[in-house]
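Labels below follow one simple rule: chain letters A, B, ... track the order of the sequence lines, proteins then strands, and each chain is numbered from 1. Only this structure's heavy atoms are used, side chains among them; waters, hydrogens and symmetry mates stay out.
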There are 2 protein chains.
Amino acid sequence: MAEKSTREVSMTASRNAPETTPEDRAATRPEGRTAAAPRLSRLSRAQWLREQLENAIVDGHFAPGDRLDPVALARDYACSRTPIREALQQLEASGMVRVYPKRGTFVTQLGVADLIERFDVMAELEGMCARLAARRITQEELAGLRQAHESCRDCLDGSDADRYYHANGTFHHLIYAASHNAFLTQEATRLHAILKPYRRLQLHVHHRLQESFAEHEAILEAIERHDANAARRAIQQHVQLQGNRFNDLMATMPQLREDPLA
Amino acid sequence: MAEKSTREVSMTASRNAPETTPEDRAATRPEGRTAAAPRLSRLSRAQWLREQLENAIVDGHFAPGDRLDPVALARDYACSRTPIREALQQLEASGMVRVYPKRGTFVTQLGVADLIERFDVMAELEGMCARLAARRITQEELAGLRQAHESCRDCLDGSDADRYYHANGTFHHLIYAASHNAFLTQEATRLHAILKPYRRLQLHVHHRLQESFAEHEAILEAIERHDANAARRAIQQHVQLQGNRFNDLMATMPQLREDPLA
DNA sequence: TGCCCAACTGTTGTATACATCAGGGCCGTG
DNA sequence: CACGGCCCTGATGTATACAACAGTTGGGCA
């Protein structure tokens, strides 16, 4: 009954300091034709919580299938259930969690079929990013991408999977940004975040880091040559390989089952 | 004070009194997630409201830029602000509305640059849908697609733009579904919905219906031949044309201004 | 007369109280 | 002894009350 799959979630004391006042950009548009034109945006508690919870999920503090108890979270974040609930609603719309009415909110647990679907879409989106990036990347962005690539190499030497994982995320995100399509960047980032908990599992597969790095090199090279087709194909293959490898991994780990509540 | 740009949203007359028992659950579920039917999930009031509001936005009852007043909506739907707020939070995560803290919630208003970005992504996603559909579509699905195509032809004769618009949506959605990738279908549907209010504007462009229909024919033909590449290229061109045409339209309507917040 | 500051007002954000429902245990019965 | 229904418990969903804040407006001062 009290299985790990529905373990309680508390992460006490890891969160505090609600004093962060993240004021955003001031008005980039001094007059918007109406006095009611929205100007600056301080994000509310609920939105701040959404970011926190999203990071907690992506970083593995909550595993797929975990229940997110609103009262425990309210206790941990020293607020009431209301903003917690709103944050969870938003996360559900992003696909990070799943709300089962009257039964609770759970971190999205994807089955093999779900993951294949998402990796396919991820490959297509990243392919688009790479294609556009090959055409539109600036010198500064290219330099940053090279630097991120070198960071990956550094982590490679020590076989530090976690650090490599982080540098890898930076590398990919820089490609998204280099597409110069903000919406595409946003969507790719969101999907990347959803898949992150699952990608983590395949980190420790033998020699995977080296292979990944080699694939990165091919991608970077194609982008440097501004070869849109090659860049697209290279990154699509890269992502699809991740998906396939994960699929293999799942086949050997039957305890990772499908969504039990579905 | 009460300026046109932030016109109040009450739709009191258009909204019928929802005293219809909220228990009339999934009866009218157009195209929710198809994830293995997770139980008799009678959706909560907030989720029901999300669907209602989403439809209202997509169908043009709320125009981009309109403010969604929680108290008015609560009055119209005979509930408190809480579920309204949760529904709006979800819609924000979907990109349908924009919440400006302490300022109010507004239907997302996209500028020209935003629209170009989204049409580009839409073209890529639909291209993927068509590519997969060409390979995976079943006979039943193909028959349905042909039927939807013929429905488009019918609307064409009478130059009934609104009905054509609806049939067009069905046609595209069937292609999404024929990809047999539920996640891709979901994402494409979501983006399609976001763009719908803008697509509507170009409906009455002269001869656009005929052109659109001809493009549909090329797409259908390619899918019938199971020619994945041709299908992909045809639908990408189709979507990109919509984007370009919309872009042209916007250039002649300067009063459609950008979204004030990046 | 014009500008600046301060209280006001209406809205949004959060907390709390209440209603409703799913799940489980207990009891009665076949 | 097994099965099925009822009540109880605990959680979630909703309503309402309260607090904080953006924009406004009126008054005071230069």
>> Tell me the interatomic distance from A:R45, atom CZ, to C:dT14, atom P, rounded to whole angstroms.
In response: 8 Å
>> Going by the rule side-chain contact (heavy atoms from CB on, under 4.5 Å), which residues pair with B:H192 if we only count those two or more places apart in sequence or in a different chain?
In response: B:M122, B:E126, B:H172, B:Y176, B:R199
> What is the distance, rounded to the nearest whole Å, between atom CH2 of A:W48 and atom P of C:dT14?
Replying inline: 11 Å
> Taking for each residue the nucleotide of DNA chain C bearing the nearest heavy atom, is the 5' side occupied by B:T82 or by B:P70?
Replying inline: B:P70
>> Using whole Å, what does the distance between atom P of nucleotide D:dT14 and atom OH of B:Y77 come to?
In response: 15 Å
>> Could you work out, with ring pair (Phe, Tyr, Trp, His ring centres under 6.0 Å) as the rule, every residue matching B:F171, not counting sequence neighbours?
In response: B:H149, B:H216
> Tell me: CZ of A:F106 to P of C:dA22, nearest whole Å?
Replying inline: 14 Å
Short heteroatom pairs, N/O only, protein and nucleotides 18-20 of chain C, under 3.5 Å:
unit_1 : atom_1 : unit_2 : atom_2 : d
C:dT20 : O2     : A:K102 : NZ     : 2.7

> From D:dT12, D:dT14, C:dG13, pick the nucleotide closest to the side chain of B:A46?
Replying inline: D:dT14
> By a strict heavy-atom criterion of less than 4.0 Å, which residues belonging to residues 83-95 of chain B are in contact with DNA chain C?
Replying inline: B:R85
> With A:K196, which residues qualify under side-chain contact (heavy atoms from CB on, under 4.5 Å), at least two apart?
Replying inline: A:V58, A:Y165
>> Checking B:P83 now: which residues fulfil side-chain contact (heavy atoms from CB on, under 4.5 Å) with it, not counting sequence neighbours?
In response: B:R45, B:A46, B:L49, B:C79, B:S80
>> Distance check needed: C:dT12 P versus B:L68 CG, whole Å only.
In response: 10 Å
> With sequence neighbours left out, what residues match A:E124 under salt bridge (Lys or Arg N to Asp or Glu O under 4.0 Å)?
Replying inline: B:R131
> Distance only, no hydrogens: is a donor on one side chain within 3.5 Å (strictly under) of an acceptor on the other, for B:Q90 and A:Q90?
Replying inline: no
> How close or far is atom C1' of C:dC21 from atom CD of B:Q47, stated in whole angstroms?
Replying inline: 15 Å
>> Between A:Q89 and B:E86, is there a side-chain donor-acceptor contact under 3.5 Å, judged purely by atom types and distance?
In response: yes
> Which listed nucleotide (C:dT11, D:dG13, C:dG13) is nearest to the side chain of B:R67?
Replying inline: C:dT11
>> From CG of B:L49 over to C1' of D:dT14, roughly how many Å is that when rounded to an integer?
In response: 11 Å
> Can you list the residues that meet the side-chain contact (heavy atoms from CB on, under 4.5 Å) rule with A:I116, with sequence neighbours excluded?
Replying inline: A:V112, A:D120, A:N247
> Residues two or more places apart in sequence or in another chain: which of them pass ring pair (Phe, Tyr, Trp, His ring centres under 6.0 Å) with A:F183?
Replying inline: none
